[in-house]
Amino acid sequence: MKWLGLLFAGWATLVGALFLASSSGDVTVQLFGPSMYAQYVVKGLVMSGLIVPIILYLYQRLYRMTGVKPKTPVYSWKRGYHFITGALLAIALAALTLIIASSQGLIVIEKWHTPDQWVAALLINVCFAVFYEALPEELGLRGFLYDVLRHRFPAWLSVFLQTMLFVCLTTAVALIQAFVGLTPGVSLDISYIVIIFCFGIGLQLLRLWTGSLWASIGFHLTYLEILRFVIWPNQYRVPPILTYQESEPGLTGLFAIGMMQIGSIIVSLIILSTIRIIRKKHATRTGELNK
C-alpha cells in the first residue's frame, strides 16, 4: 500500500499548495496594495515553491519503491525541446479555430494589433502562468500522480484516474475556500467540470506520445495565453492580440475551448494508435526473422 500513500501525499500537496497560493491574493493586497503584478509574483512563488521540491522528493521515493529509475525522467531538461511540440499544437488548433469561425461567419476579425501593444503584458502573464499553473500542475498531476497510478494500473485506467484526481483537486480547493469563508476561485458547475476533465485527458495523452512532461507544459501554457490574449482579453484585463465581432456572444470561446481540447485528444489518439501499429508490425517482422 506504499503506492497509495505516495498518491495521497502527492494529491494533498497539490491541494494544499493551490489553496495557499490562490488565497495569498488577500494577504498580498494587504501588504502591497491592489497590485496585480505583486499578486502574480506571490502566487507563483507559493505554488511552485511548495509543489516542485516536494513532488521531486516524492519522485525519489517512488523510484525506490519500484526499483526503477529512468535515465531520463519525463521532467528532465533533456526532454525540454518537446515544450515547443505542445506549444505548436495549441497554436495550430487555435489558428484552425479562427479560420473555421471566420469562414463560417461566426466571427469577423476587425484588427490585428501590433506586438508593442501586448507583448510586454504577454511575457509577464507567461511568467505567472508557468509558475502558478503550467509547471506545478503538470509536474504533480500529469507527472507524479500518473506515474504512481501507472505502477498499479494499465495506461488507459491511469489516464482516467489521474484526470478524476485533477477534477477532485479543483473541487477540494473550492470547498476548502468556501468552508473557511473565502470566495471560491472557480464556479463548480457541470460545464466547468467537463472542460477541466477534457483538458486533463488531452494533456495526459500529449505526455504519453511525446514521452515528455514538457509537451504538456507547453500546451497548457499556450492554451492559457490564447484564451487570455485572443479569446477573452476583456475578462482578464489584458491588451488583445486581435479584436473581432461575434455573431453570438460567448460562442467563440466555447468553440475555441472545444477545438483545442477535443482536437488535442483526437491528434494524440491518432498518433498513439499509429505508434502502436508500427510497433506491432515491427514486433511481427522481428518474430518472423527469428524463426
query = For L157 and L161, what are the C-alpha separation, side-chain angles and deciding distance, and is it a side-chain contact (heavy atoms from CB on, under 4.5 Å)?
reply = CA-CA 6 Å; L157 184 56; L161 291 175; 3.9 Å; yes

message = Test of understanding: clusters of I, L, V, M, F, W, Y form through side-chain heavy atoms closer than 4.5 Å, transitively. Do L242 and V119 belong to the same one?
response = yes

For residues 166-179, which side-chain N or O atoms pair as donor and acceptor with protein atoms under 3.5 Å away, sequence neighbours left out?
residue	atom	partner	partner atom	Å
T170	OG1	F166	O	3.4
T171	OG1	V167	O	2.9
Q177	OE1	G185	N	2.9
Q177	NE2	S22	OG	2.8

key: Sole candidate of L106, T252, V108 that passes side chain to side chain contact (heavy atoms under 4.5 Å, CB included) when paired with Y244   = T252

ask   = Considering all heavy atoms of both residues, which atom of G86 and which atom of L206 are nearest to each other, and what is their separation?
value = CA-CD2, 4.1 Å

message = I need the I54 CD1 to T13 OG1 distance, nearest 0.5 Å.
response = 4.5 Å

inquiry  = Main chain of R142, side chain of Q204: is a donor-acceptor contact present, judged purely on distance under 3.5 Å?
reply    = yes

remark   = Quick note, ring-ring contact (aromatic ring centres under 6.0 Å, His included) partners involving residues 198-221, not counting sequence neighbours, are W77-W214, F199-H220, F199-Y223

key: Expected output: side-chain W232 to main-chain G253 donor-acceptor under 3.5 Å   = no

ask   = Taking a hydrophobic cluster as the set of Ile, Leu, Val, Met, Phe, Trp and Tyr residues connected by side-chain heavy atoms closer than 4.5 Å, whether directly or through intermediates, do F8 and I55 fall within one such cluster?
value = no

query = Excluding sequence neighbours, so at least two apart, what forms ring-ring contact (aromatic ring centres under 6.0 Å, His included) with Y132?
reply = F128

task = Identify, with sequence neighbours excluded, every residue that meets side chain to side chain contact (heavy atoms under 4.5 Å, CB included) alongside V68.
result = T66

request  = Provide the closest heavy-atom pair for T163 versus G200 in the form atom of the first, atom of the second, distance.
outcome  = OG1-C, 3.8 Å

request  = Identify whether V194 and I266 are in the same connected component of the hydrophobic contact network (ILVMFWY, side-chain heavy atoms under 4.5 Å).
outcome  = no

inquiry  = As a quick check of understanding, evaluate side-chain contact (heavy atoms from CB on, under 4.5 Å) for I262 and C198, giving each step before the final call.
reply    = CA-CA 7 Å; I262 304 302; C198 293; 4.2 Å; yes

query = Do V41 and V126 belong to the same hydrophobic cluster, where Ile, Leu, Val, Met, Phe, Trp and Tyr are linked whenever their side-chain heavy atoms lie under 4.5 Å apart, directly or via other members?
reply = no

query = Of all residues at least two apart in sequence or in a different chain, which pass the ring-ring contact (aromatic ring centres under 6.0 Å, His included) check with Y192?
reply = none

Considering only distance and modelled atom types, tabulate donor-acceptor pairs under 3.5 Å from the side chains of residues 89-105, sequence neighbours left out.
residue	atom	partner	partner atom	Å
T97	OG1	L93	O	2.8
S103	OG	I99	O	3.1
S103	OG	I100	O	2.9

request  = Please answer whether the main-chain N or O of L203 pairs with a side-chain N or O of S216 as donor and acceptor at a distance below 3.5 Å.
outcome  = yes

key: All ring-ring contact (aromatic ring centres under 6.0 Å, His included) counterparts of W3, not counting sequence neighbours   = F153

remark   = d(L221 CG, C127 SG) to nearest 0.5 Å is 9.5 Å

key: Set of residues satisfying salt bridge (charged side-chain N to carboxylate O under 4.0 Å, His left out) with respect to E137, sequence neighbours excluded   = none

task = Return yes if some donor-acceptor pair links the side-chain N/O of S76 with the main-chain N/O of T72 below 3.5 Å, else return no.
result = no

ask   = When hydrophobic residues are tied together by side-chain contacts of less than 4.5 Å, even through go-betweens, does L45 share a cluster with V52?
value = no

request  = Check salt bridge (charged side-chain N to carboxylate O under 4.0 Å, His left out) between R228 and all other residues, then give those that pass, not counting sequence neighbours.
outcome  = E133, E225

inquiry  = Suppose we screen for ring-ring contact (aromatic ring centres under 6.0 Å, His included). Which residues come up paired with Y59, at least two apart in sequence or across chains?
reply    = Y63, Y75, F144

W118 side chain to H113 backbone, donor-acceptor under 3.5 Å = yes

ask   = Which pairs, with at least one residue in residues 61-82 and sequence neighbours excluded, count as a salt bridge (charged side-chain N to carboxylate O under 4.0 Å, His left out)?
value = none

Atom pair CG/CD1 of L18 and I51 - distance to nearest 0.5 Å = 7.0 Å

request  = State the OH-CG distance between Y146 and L213, to the nearest 0.5 angstrom.
outcome  = 12.0 Å

Approximate separation, where rounding is to 0.5 Å, of I270 CD1 and L205 CG = 12.0 Å

inquiry  = Distance check, rounded to the nearest 0.5 Å: L208 atom CG versus T210 atom OG1?
reply    = 8.0 Å

request  = Compare every heavy atom of P53 with every heavy atom of G49, then report the nearest pair and how far apart it is.
outcome  = O-CG, 3.1 Å

inquiry  = Considering only residues two or more places apart or on different chains, which pairs with a residue in residues 192-210 satisfy salt bridge (charged side-chain N to carboxylate O under 4.0 Å, His left out)?
reply    = D147-R207

